[in-house]
Every structure is written in C-alpha cells, then in structure tokens.
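For clarity, every value in this text was computed on a predicted model and none was experimentally measured.
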Amino acid sequence: MTPNRKGINRIEVFVVIFTLATFALLVFPAIYHIRESARREQCKNTLKQLSLALLNYHDTYGIFPYGAVGSINLPPEKRWSWYLCIGNFWGHYGVPEIDYNRPWDDPALRPLILHTWRNGPFEEFDVPLVPFPAIKCPNGTLKTHIDGQPFTDYVGTAGVTPEAAMLPASSHRAGLWAYEDGRSLSDIHDGISNTLLAMETSSSNGCWLAGGPSTVREYDPALPTIGSSAQFGGLHSGGGMAVFADGHVSFLAESISTCVLAEMMTIADPD
C-alpha cells in the first residue's frame, strides 16, 4: 500500500522556482519596454506642446522669450526663467505677481502668486503659482527648490561654447536662446528644421523659475554630449529627446557626433 503524500519534494520545489524565474525573465523586460516606450512617447508629446507654446509666443511677439528675464543688474542665474513668459500660450495661465527686479529665489517674494480669471461669470482671483506640465519628463528629476517649486527637465539650447548665451545673434556659435536677447526664426540661416529649440537633461537640473543654466544651456563639445552624466539626455536609454525650431521632436542618439550636434545647436554653421 502506497503511503499518502503530505507535501512536495525538493525537485518539485526547484521546478516551480525555475518556472517562476523563467517567467519573470521573459515578462519583466517586456513590461519595462512597454512602460519606457509609453514614457518616451509622453516626453515627446510634452516637448511638442512646449514647442507649440513657444512658437505661439513667437507668432505674437516676433521673437522667442529672453533666456533670462529681469534686471540686467542681476547675473543670469539670479534672474527669472523664460518659462514664465509662455504661460498664457499654454492656455490656462494668467499674470504672475512677481517683482522681476529681484532674484528669483528671494525668500521675500514667497509665496509666489498668480493672478488669473475665469468666465461664466467673469471673476478675477489669485492662486499659488505652480508650473504647467511642460517642465517635466515622466523619467525626470524629483528634486525641488526649498520652497517646493520643482526642477525642470527641459532646457533651451543656447549655442556652442560655454559663453554662447551671451553672444550676439550674428555669432556663428550663437543658438536660439540668449540671456539678454530674444531671437527670431529669421535669425536662423541653416534651416529651422535643423536648429534645436530645447532638449531634455538629467544633469545639473535646476528650478523651473530660475534663469541661467537651469533653463538655458550652452553646448561644450569638450564635455560628454548625451547620456546620464552628460550635458543633455540621460532620461531615456540610448539618447535624449530634442525639439527643433519648426516644432518637430526627434530622439538624438548618444552616439551623435559633436560636429553634427554643434550644427544643430547654432543658428548658423559653427566656425
């Protein structure tokens, strides 16, 4: 007579564990790939919406915003960012109650207030100033300023060499962003579809309110170009999202040559 079995033996346990491990090896990468594809598409759509807001601003004023907003007596990194200029072109903003002659991180200016309105019936009111979705990639940094204002994952592209954001538009190393100048599509001499407007970054991110390198970035060909510890990209495997002056968004590979990226960064071919 065969005795009743009261459990499973070691071989059966091993088979179950092996089956589950094999299943995990097959399924988890697929889940990651699907999730990352969705996040990359969301990032692409965000950059597209950002470009539309900037192009609508350009259509209204004939130029893109200054790269650093506020008193020229302040260094660019203490002025306010160009993001504050495009809120109304995002479709739901208002007028920030800000003294632009003071530094963006001046504690005396907190809390930051937005004066806005709504129809039906028409009513004006103040609300806390918060960023719109165009500043964040789904894979982006979770860092915030001490007042809770988030860091941005997208920066305007200012040209080639560390001082490019201070160069005049006539320079062959200048890009579409400058700290003390508003550039126009007419300043581009090598095609708007070939000229970068903004790129994602995971390195040295700064608050969305801040002028200077936090929201406008020059390209230094001597430093790593695209990747997790490079000047741009790093939020998606293998490269970084970029939007061009005509509004189209492309994924630039980490392997892109410095010469090609330099040409994209400038409003004319670099020297």
Side-chain angles (χ1 to χ4, degrees), residues 47 50-90 93 96 98-106 131-132 134-135 145 149-189 192 195-201 203-220 231-232 242-245 247 261-262 264-268 270:
L47 269 177
L50 178 60
S51 72
L52 290 176
L54 285 166
L55 288 169
N56 285 336
Y57 181 100
H58 182 280
D59 287 345
T60 301
Y61 297 108
I63 57 173
F64 291 110
Y66 280 41
V69 181
S71 172
I72 60 173
N73 294 321
L74 295 170
E77 64 271 16
K78 287 295 183 179
R79 299 179 210 167
W80 300 76
S81 86
W82 53 268
Y83 276 109
L84 289 162
C85 299
I86 63 172
N88 287 327
F89 298 91
W90 194 257
Y93 218 34
I98 289 174
D99 182 353
Y100 289 101
N101 290 316
R102 301 173 75 171
W104 74 270
D105 56 354
D106 187 340
F132 36 86
I135 72 164
H145 184 53
Q149 291 287 350
F151 283 22
T152 182
D153 301 312
Y154 304 116
V155 291
T157 46
V160 180
T161 69
E163 74 281 1
M166 297 298 293
L167 296 175
S170 58
S171 171
H172 279 215
R173 294 187 178 272
L176 264 182
W177 292 94
Y179 291 145
E180 299 178 6
D181 188 14
R183 301 282 158 82
S184 168
L185 291 176
S186 62
D187 291 320
I188 300 173
H189 302 294
I192 62 174
T195 303
L196 284 166
L197 181 59
M199 285 189 69
E200 68 177 22
T201 181
S203 177
S204 301
N205 301 73
C207 184
W208 78 285
L209 296 169
S214 292
T215 45
V216 170
R217 183 161 299 183
E218 300 123 330
Y219 171 50
D220 185 348
Q231 300 167 80
F232 302 96
V243 64
F244 290 75
L261 188 60
M264 293 178 177
M265 286 280 177
T266 56
I267 52 182

Under 4.5 Å between any side-chain heavy atoms of I86 and L50, yes or no? yes
Could you tell me whether the side chain of Q231 and the main chain of D220 form a donor-acceptor pair under 3.5 Å? yes
Nearest 0.5 angstrom please: E200 CD to T152 OG1, how far? 11.0 Å
In Å, rounded to the nearest 0.5 Å, how long is the span from CG of L176 to CG of L185? 7.0 Å
Considering all heavy atoms of both residues, which atom of L84 and which atom of P96 are nearest to each other, and what is their separation? CD2-CG, 4.2 Å
To the closest 0.5 Å, what do you measure between CE (M199) and CE (M264)? 9.0 Å
Classify the angle between the aromatic ring planes of W104 and H145 as parallel (below 30°), tilted (30 to 60°) or perpendicular (above 60°). tilted
To the nearest 0.5 Å, what is the distance between CZ on F151 and OG1 on T201? 12.5 Å
For the residue pair W80 and Y100, categorise the inter-ring angle as parallel (less than 30°), tilted (30 to 60°) or perpendicular (more than 60°). perpendicular
Tell me, do L54 and L197 make a side-chain contact under 4.5 Å, heavy atoms counted? yes
Partner residues of D181 under the salt bridge (Lys or Arg N to Asp or Glu O under 4.0 Å) criterion, sequence neighbours left out: R183
Minimum heavy-atom distance between S71 and R79, given as atom pair plus value: O-NE, 3.2 Å
Could you go step by step and tell me if N88 and Y57 meet the side-chain contact (heavy atoms from CB on, under 4.5 Å) rule? CA-CA 9 Å; N88 287 327; Y57 181 100; over 6 Å; no
List the atom of T157, the atom of L196, and the distance in Å for their closest heavy-atom pair. OG1-O, 3.0 Å
Are the side chain of D187 and the backbone N or O of S184 linked by a donor-acceptor pair below 3.5 Å? yes
Which atom pair, heavy atoms only, marks the closest approach of P65 to W82? CB-CB, 3.9 Å
Is it the case that the side chain of R173 and the backbone of G159 share a donor-acceptor pair, with hydrogens and angles ignored and the cut-off at 3.5 Å? no
Give a yes or no answer on whether the side chain of S81 reaches the backbone of W208 with a donor-acceptor pair at less than 3.5 Å. yes
E218 side chain vs A158 backbone, donor-acceptor pair below 3.5 Å: no
With rounding to the nearest 0.5 Å, note down the distance linking OH in Y179 to CD in E77. 7.5 Å
Would you tell me whether Y83 and T215 have side-chain atoms, one donor and one acceptor, within less than 3.5 Å of each other? no
Roughly how far apart are F89 CZ and T60 OG1, rounded to 0.5 Å? 4.0 Å
Looking at I135 and P150, what are the two nearest heavy atoms and their distance? CD1-CG, 3.7 Å
Please name the pair of heavy atoms, one in V243 and one in S51, separated by the smallest distance, quoted to 0.1 Å. CG2-CB, 3.5 Å
